[in-house]
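A quick write-up on the structure given underneath.
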There are 2 protein chains.
Amino acid sequence: MGSGKGNVTIKDISLKCGVSVATVSKALNHYGDIAPETAELIRKTAREMHYIPNTAARQLKTNTSHNIGVLFVDEMNSGLTHEYFSGILDAARAEAEGLGYDITFIGKNMGGRPMTYLEHCQYRKVDGVLIANVDFSDPGVVELVRSGLPVITIDYAFDSTSCVMSDNMEGCYALTSLLIEKGHRKIAFIHGERTSVTNKRLVGFNRALRDHGIEPDDRYIVQGRFHDPKKSREATRYLMELPDPPTVIMYPDDFSYIGGMTELEKMGLSVPQDVSTAGYDGIPISQFLRPKLTTYHQDAEQIGKVSVRKLVETIENKKTCIPEEISVSGYVLEGTSVASLQAAP
Amino acid sequence: MGSGKGNVTIKDISLKCGVSVATVSKALNHYGDIAPETAELIRKTAREMHYIPNTAARQLKTNTSHNIGVLFVDEMNSGLTHEYFSGILDAARAEAEGLGYDITFIGKNMGGRPMTYLEHCQYRKVDGVLIANVDFSDPGVVELVRSGLPVITIDYAFDSTSCVMSDNMEGCYALTSLLIEKGHRKIAFIHGERTSVTNKRLVGFNRALRDHGIEPDDRYIVQGRFHDPKKSREATRYLMELPDPPTVIMYPDDFSYIGGMTELEKMGLSVPQDVSTAGYDGIPISQFLRPKLTTYHQDAEQIGKVSVRKLVETIENKKTCIPEEISVSGYVLEGTSVASLQAAP
DNA sequence: CTTTGTTGCGAAAACGATTTCGAAAGAATG
DNA sequence: CATTCTTTCGAAATCGTTTTCGCAACAAAG
């Protein structure tokens, strides 16, 4: 049934109902100047005939696609295979679908020929774009953000657009505080690249130390990389070979911790007896590791959802919608990777 | 620069070049009946004016979108957050982009109102669709497969369409054989739901046993679920509490193994001293676990790539392209989770 | 000088929707 | 009855592209 090649169009409906195509279009779009009975008849027959609007035609005329672009980093396996981001993407997809939007990936080339992100967006006529996990200093990204196309950035703030942030400062503050309350004083922090996320975490970290009267120790702050187990192995070894090693190491993310964990093991150190550890992200697997990882869970689902909501809001009320920074809070997931040091000051 | 709202169209080019829009279109599409110099001039000015074709208009006229749909399961966190599938998706995205196709997610509702997968595909006018990790007996999926739209399924074979399969039979054969060569005889197999993937693995498993003269033992074959650590914890406990427990347990996937691992630990059993283990998938994290997991690496990247290639081939040569089953082979990743039992028969 | 064949190009009709503007018919008003 | 509003609808233009078909112009052939 319904195997006919040509899909049913607005014209077919108009013929069947004995009205013009204009009337059909207006009825379907709930215009005010159509008699209620006529409109109902039209909508009913449209349903019966399994009418599906032709997006291309609509898009051509209205210049809107009901399609939002998603710009995640491609290269390396840090884009879709990063659980935090794939969680965001998955939630975003679901939310967009509910709001009547589809999602299209935006890349930097198309059919061999290179293309800027903006051009790709124009090519697909996306109504807005969600940007996450990219190098925000990339000229292509900046061009896109400046283009006037509705944009939401995730975990990075431009002042011209709205952004959704995980509560990195509060999260890192809470996590650090927990460690301190457990009696730790020599707290190492392997952080990620110097992005705004890292900066916020450092602020939270330092604030927690200060609020508890602890002097920050530069030797314990070392730069690693997000989602890079190798880099964090190196950093872990460096830290544990210090003359006065830390009693706990905070990692930039759970995945990086896995690298550190193997290095500690290789050094014959066990967690949490010899050294405590904490992650960040709270990805599912972290709770299946032994010892169960103490980590800060970022609410990826909520972040994806909120991002799309805000983006659609921006798209649909472009003039009245002012840029806003939305923070989504997570919570500490307490595992067994942090030992309680009873030696009080 | 280029901040004008209206994009440059084929008409602008025709004006600038003093030719008709028809000529421009033909030049841009490399038709034969345009003088080489004229064509070159047109293409040059198009480039200079930063012309971007309007996909909507083209799509409306040609009824092709250069857009492929992707149908991954949504609900639960087994879709995008499953590393095997997100690896496939990422590779597919990259390959599609190179071939001039964009990717759009296909869902089962649109803007609140429910919609079949097929309707969604028609709505977005995707040229073809990639299906993976879904319930292949779902009527909506079957409808889509039967619709005549070019379709590629991953890890499941319909006879009307092409499919790309990981070499489950060979993979499971190789993995099982390795265990046997290590001296294991009492080999347990926690397998996934009864899908064609599971069936193929069971064939490989049984064949390996038979080829080595080992009698299969039904008690050691238990049904778990893919990507479900809880289920595999139960199965693990069940197996290890048997009067005559196995010496090695094979899991349906690496993620499930993590569940089993925690259960073994809770039972006071250590790997591989007390029992050996093997996973499946070879996701990155498996190689950072201690002990490093022995597993079969499925080449997700290659699978994604090949799937898109075949799909595009099907789209572009719809008549001449015959359904085909493509197998992508992986390899054993040998870790330290399997003990060598020197007790030969 | 006619006929036939090439070659290069353009006019115009689609594709399927949206939207403006006005027309017709009936209702309300004077 | 004439006039003015409302209400309900339709004709037609439009979005940007592709594609068919035919028209010139000019060369080759008779």
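Where pairing requires Watson-Crick or G-U contacts shorter than 3.5 Å, the helical stems of DNA chain C with at least three consecutive pairs are C:1-30 with D:1-30.
With DNA chain C read from its 5' end, the first of the two nearest nucleotides for Pro53(A) and Thr38(B) is the one closest to Thr38(B).
The pair Glu40(A)-Arg43(A) counts as a salt bridge, with a side-chain nitrogen and a carboxylate oxygen less than 4.0 angstrom apart. Between Lys305(A) and Glu301(A) there is no salt bridge, since no side-chain N of the basic residue sits under 4.0 Å from a carboxylate O of the acidic one.
Which of dT19(C), dG10(D), dA17(C) sits closest to the side chain of Thr23(A) comes down to dG10(D). Residue Asp33(A) places its side chain closer to dT8(D) than to any other of dT8(D), dG10(C), dA17(C). Counting only heavy atoms from C-beta on, Lys61(B) has its side chain closest to dT18(D) among dA12(D), dT18(D), dA11(D). Closest to the side chain of Arg58(A), from the set dT18(C), dT17(D), dC9(C), is dT18(C). In this structure, of dT18(D), dG16(C), dG8(C), it is dT18(D) that holds the atom nearest to the side chain of Thr62(B).
When all heavy atoms of Met49(A) and Val8(A) are compared, the closest pair comes out as O-CG1, 3.2 Å. Taking each heavy atom of Gly140(A) and Tyr117(A) in turn, the nearest pair found is C-CD1, 3.7 Å. When every heavy atom of Phe72(B) is checked against every heavy atom of Phe85(B), the shortest pair comes out as CE2-O, 3.4 Å.
An OP1 or OP2 oxygen of dC15(C) is reached within less than 4.0 angstrom by no side-chain nitrogen or oxygen of Thr9(A). One finds a side-chain N or O of Tyr51(B) lying less than 4.0 angstrom from the OP1 or OP2 phosphate oxygen of dT17(D). OP1 or OP2 of dT18(D) has at least one side-chain nitrogen or oxygen of Ser25(B) nearer than 4.0 Å. The side chain of Asn29(B) contributes an N or O atom lying less than 4.0 Å from OP1 or OP2 of dT18(D).
Rounding to whole angstrom units, CD1 of residue Ile34(B) and P of dT6(C) are separated by 19 Å. To the nearest angstrom, C1' of dC9(C) lies 14 Å from CG of Leu41(B). Here dG8(C) presents its P atom at 15 Å from CD of Glu40(B), a figure rounded to the nearest Å. The distance between atom CG of Leu60(A) and atom P of dA17(C), rounded to the nearest whole Å, is 12 Å. Atom OH of Tyr31(B) is separated from atom C1' of dT7(C) by 17 Å (rounded to the nearest Å). Computed from coordinates, the Leu15(A) CG to dG10(D) P distance equals 12 Å when rounded to whole Å. The NZ-P distance, from Lys11(A) to dA11(D), rounds to 12 Å in whole Å. Summarising the geometry, the separation between NE2 on His30(A) and C1' on dT18(C) is reported as 16 Å, rounded to the nearest angstrom.
Note on Gly18(A): only backbone sugar-phosphate atoms sit closer than 4.0 angstrom, heavy atoms only; bases stay farther off. Ala35(B) comes within contact range of the sugar-phosphate backbone alone, with a heavy-atom separation under 4.0 Å but no base atom that close. Counting any heavy atom pair closer than 4.0 Å across all strands shown, Thr55(A) reaches no nucleic acid atom. Backbone-only contact: Asn54(B) has heavy atoms under 4.0 Å from sugar-phosphate atoms and none from a base.
In this structure the side chain of Val141(A) never reaches within 4.5 angstrom of the side chain of Glu143(A), judged on heavy atoms.
Tyr156(B) and Phe136(B) have parallel rings, their planes meeting at less than 30° on a 0 to 90° scale where 60° marks the start of perpendicular.
One finds the OG atom of Ser327(B) at 8.5 Å from the CD1 atom of Ile303(B) (value rounded to the nearest 0.5 Å).
Contact of Lys26(B) with dG8(C) (side chain to base): no donor-acceptor pair of N or O atoms is detected under 3.5 Å.
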